[in-house]
Amino acid sequence: MLDLKFIRENFDTVRTMLEQRKMDAPLDQLINADRRWRELMGEAESLRSYQNSVSKKIAELKKTKGDASEQIAEMRQVSQKIKELNESAQVKKSEMDEILVNIPNMPHSSTPVGNSEADNIEVKRWGDVPNFDFAPKPHWELAEALDIIDFKRGAKVAGSNFVLFKGIGAKLERALINFMLDLHVSQHGYTEVSPPFVANRSTMTGTGQLPKFEEDMYRCDRDEANESGDLFLIPTAEVPVTNIFAGEYLDGKNLPINYTAYTPCFRREAGSYGRDTRGLVRVHQFDKVEMVKFTLPETSYDEHERLLTDAEDVVKALELPYRVITLCTADLGFAAAKCYDIEVWTAAEQKFLEISSCSNFEDFQARRANIRFRREPGAKPEFVHTLNASGLALPRVVIAILENYQQVDGSIRIPEVLKPYMGGVGRIE
RNA sequence: GGUGGGAUGGCAGAGUGGUCGAAUGCGGCGGUCUUGAAAACCGUUGUGGCGAAAGUCACCGUGGGUUCAAAUCCUACUCCCACCGCCA
């Protein structure tokens with residue numbers, strides 16, 4: 001969420017930002033509602049102030065057995081008037097809040113301005129794209145031939161784009177999770193957490209998934225009488241992990257705080273029907289290891305770079321060729337100020353596939369979720385900066401391993417670094 | 001699932017209609033004393049909105065209500081604790 005005061009004072013900047021993001025929001029309505037809200041509040045507050053002073057008089061009169069009936073009669077009117085003013089103010093406030101929660105974050109100055117994903121900027125490439133002396137097969141063919149993924153039965157159990165991993169395929173998932181968590185904990189200084197896989201409405205709003213993207217979420221536990229009691233399957237560990245400190249004050253001495261978590265992720269993928277329907281590219285449930293950072297405002301961009309290299313280390317260790325791009329304003333996520341995508345090379349389709357998103361949200365999520373810190377005991381609270389990166393999304397790693405490590409006989413070589421996690425198995429055949 | 005208790009400032013914990021943004025203790029900050037520290041003593045110490053400021057308003061789990069006036073009364077909800085039952 002943007003600071004209302006910031007929008008008031010930087011109206012044109014915010015409007016330009018929306019244009020650059022190819023988004024829209026009723027800014028004029030916001031400003032008008034804001035003006036009216038302040039008027040109504042001002043009126044209500046000065047009346048309230050009067051009411052408070054008269055109330056004290058009434059209290060004194062009552063104590064001395066005096067007659068306060070005149071004051072009480074007057075306050076009855078005043079009280080009614082205050083109530084009306086507050087109600088009108090509340091209407092304006094709700095109007096503002098609804099607009100405000102739907103305004104995206106301000107991109108950082110280093111985020112390139114662009115019109116579409118074509119304007120994303122490639123930052124670097126790493127690794128050699130494999131050369132095959134045969135035609136490489138797509139991962140779904142390899143996986144089915146090796147009997148490590150059963151797409152048909154996954155669909156039977158839950159629906160299309162739900163996946164059943166089997167045998168050494170299931171073990172590969174588990175090995176990847178363990179390898180990634182171990183790497184982040186032992187090499188990169190993260191603390192492992194294992195959060196709930198469901199989140200309530202307030203948590204989902206804190207990181208920015210709600211209210212704008214409710215259609216993409218799996219909602220369960222629908223309670224008509226109590227909407228705030230709704231629970232959602234998490235679309236990413238970012239949601240529960242970032243909200244761990246919602247509403248709290250952190251000690252500035254303890255920042256940055258680095259957490260890593262494995263969770264399954266659930267996404268309806270509403271609006272993406274017909275895209276990437278084959279194989280593992282776009283599924284409704286997938287495993288992911290996530291990294292989340294809580295930092296001081298002044299260090300968040302250094303931490304952002306570190307976060308990127310922490311994610312890259314996973315891809316490097318797996319010896320998968322990849323590139324890093326900086327997302328332009330048109331492609332940048334709702335809550336992010338800056339975002340790098342890591343894209344891994346897929347040998348069959350001969351293209352790069354997003355495997356990690358590495359974002360700095362600055363104080364956008366912290367303001368929504370009310371996550372603050374004090375530099376010194378007793379110092380003024382400030383909002384932390386929050387960041388996160390996938391490290392990594394599992395199915396797409398599996399795609400890359402299957403396609404890039406495939407042999408002419410259809411078997412798959414296991415990356416060296418995974419062998420200890422696979423019980424020494426070096427090849428799927 | 002049942003019964004009972006609870007939710008108050010960074011923490012602990014008082015407060016059952018008006019003088020309560022809220023006692024007290026701990027912690028924090030400043031000071032006195034001390035070579036230094038500890039102890040003791042004194043002072044100070046919540047968050048947010050509006051406002052240029054003075055100031056003012058709001059906030060005692062959350063929402064509604066009663067009242068001239070609510071931390072305090074009523075109501076619904078959420079969460080926590082204890083015990084019982086059931087179950088992994």
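No hydrogens or angles were tested; on distance alone, a donor-acceptor pair under 3.5 Å links the side chain of A:Glu45 to the base of B:G49.
We find that CG of A:Asp230 is positioned 16 Å from C1' of B:U62, with the value rounded to whole Å. Between the CZ atom of A:Arg201 and the P atom of B:U62 there is a distance of 20 Å, given to the nearest Å. In this structure, A:Asn370 places its CG atom 18 Å from P of B:C59, rounding to the nearest Å. Rounded to whole angstrom, the span from the CD atom of A:Gln90 across to the P atom of B:G64 amounts to 8 Å. We find that CG of A:Asn86 is positioned 14 Å from P of B:G63, with the value rounded to whole Å. In this structure, CG of A:Leu40 is placed 16 Å from P of B:A58, rounded to the nearest angstrom. Atom pair A:Asp3:CG and B:G48:P shows a separation of 12 Å (rounding to whole Å applied). Look at NZ on A:Lys83: it is 16 Å from P on B:A58, rounded to the nearest Å.
Taking the six-membered ring for Trp and thresholds of 30 and 60 degrees, A:Phe162 and A:Tyr218 have ring planes inclined between 30 and 60 degrees apart.
In summary, A:Asp310 and A:Arg306 do not engage in a salt bridge, as defined by a charged side-chain N under 4.0 Å from a carboxylate O. Ion pairing between A:Arg48 and A:Glu45 fails under the 4.0 Å rule for side-chain N and carboxylate O.
Closest contact between the side chain of A:Lys380 and the listed nucleotides B:C57, B:C50, B:U47 involves B:U47. Of all nucleotides listed (B:C57, B:G18, B:C50), B:G18 comes nearest to the side chain of A:Ala59. In this structure, of B:U47, B:C57, B:G51, it is B:U47 that holds the atom nearest to the side chain of A:Pro381. For A:Tyr249, the side-chain atoms get nearest to B:G10 when compared with the rest of B:G48, B:C57, B:G10.
Spacing of P atoms, B:A71 relative to B:G63, comes out at 14 Å, to the nearest Å. Comparing B:U75 with B:G6, their P atoms are spaced 15 Å from each other, to the whole Å. Across B:A14 and B:C79, the matching P atoms stand 25 Å from one another, rounded to whole Å. Comparing the same atom, P, in B:U24 and in B:C77 gives a spacing of 38 Å after rounding to whole Å. Nucleotides B:A52 and B:U45 have their P atoms positioned 26 Å apart, rounded to a whole Å. The same atom, P, is picked in B:G64 and in B:A70; the two are 14 Å apart, to the nearest Å.
Judged by distance alone, the side chains of A:Asn200 and A:Thr203 do bring a donor and an acceptor atom under 3.5 Å apart. Side-chain polar atoms of A:His188 and A:Asp313 form a donor-acceptor pair below 3.5 angstrom. Side chains of A:Glu192 and A:Tyr262: no donor on one and acceptor on the other come within 3.5 Å. Side chains of A:His385 and A:Ser300: a donor-acceptor N/O pair is present below 3.5 angstrom, by distance only.
Taking 4.0 angstrom as the limit, A:Ser49 places a side-chain polar atom (N or O) nearer than this to OP1 or OP2 of B:C57. Taking only side-chain nitrogens and oxygens, A:Arg375 never comes nearer than 4.0 Å to OP1 or OP2 of B:G28. Taking side-chain N and O atoms only, A:Lys5 has a distance below 4.0 Å to OP1 or OP2 of B:C50.
Heavy atoms of A:Lys57 sit nowhere under 4.0 angstrom from any nucleic acid atom.
Map A:Arg372 and A:Arg38 each onto its nearest nucleotide of RNA chain B; the residue landing nearer the 5' end is A:Arg372. Residue whose closest nucleotide on RNA chain B sits further toward the 5' end, between A:Trp37 and A:Asn52: A:Trp37.
Atom CZ of A:Arg201 is separated from atom CG of A:Leu210 by 6.0 Å, given to the nearest 0.5 angstrom. In this structure, the separation between CD on A:Glu144 and NE2 on A:His139 is 9.5 Å, given to the nearest 0.5 Å.
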All N/O contacts under 3.5 Å from nucleotides 68-73 of chain B to the protein, with atom names and distances to one decimal?
residue	atom	partner	partner atom	Å
B:C68	OP1	A:Arg76	NH2	3.4
B:C68	O4'	A:Ile72	O	3.4
B:A69	OP1	A:Ser79	OG	2.7

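Base pairing in RNA chain B yields stems of at least 3 consecutive Watson-Crick or G-U pairs, both distances under 3.5 Å, namely B:1-7 with B:78-84, B:10-12 with B:24-26, B:27-32 with B:40-45, B:46-50 with B:55-59, B:61-65 with B:73-77.
Nearest heavy-atom pair, A:Arg268 versus A:Glu215, reported as atom, atom and distance to 0.1 Å: CD-O, 3.2 Å.
If you look at A:Phe334 and A:Phe364, their ring centroids are closer than 6.0 Å.
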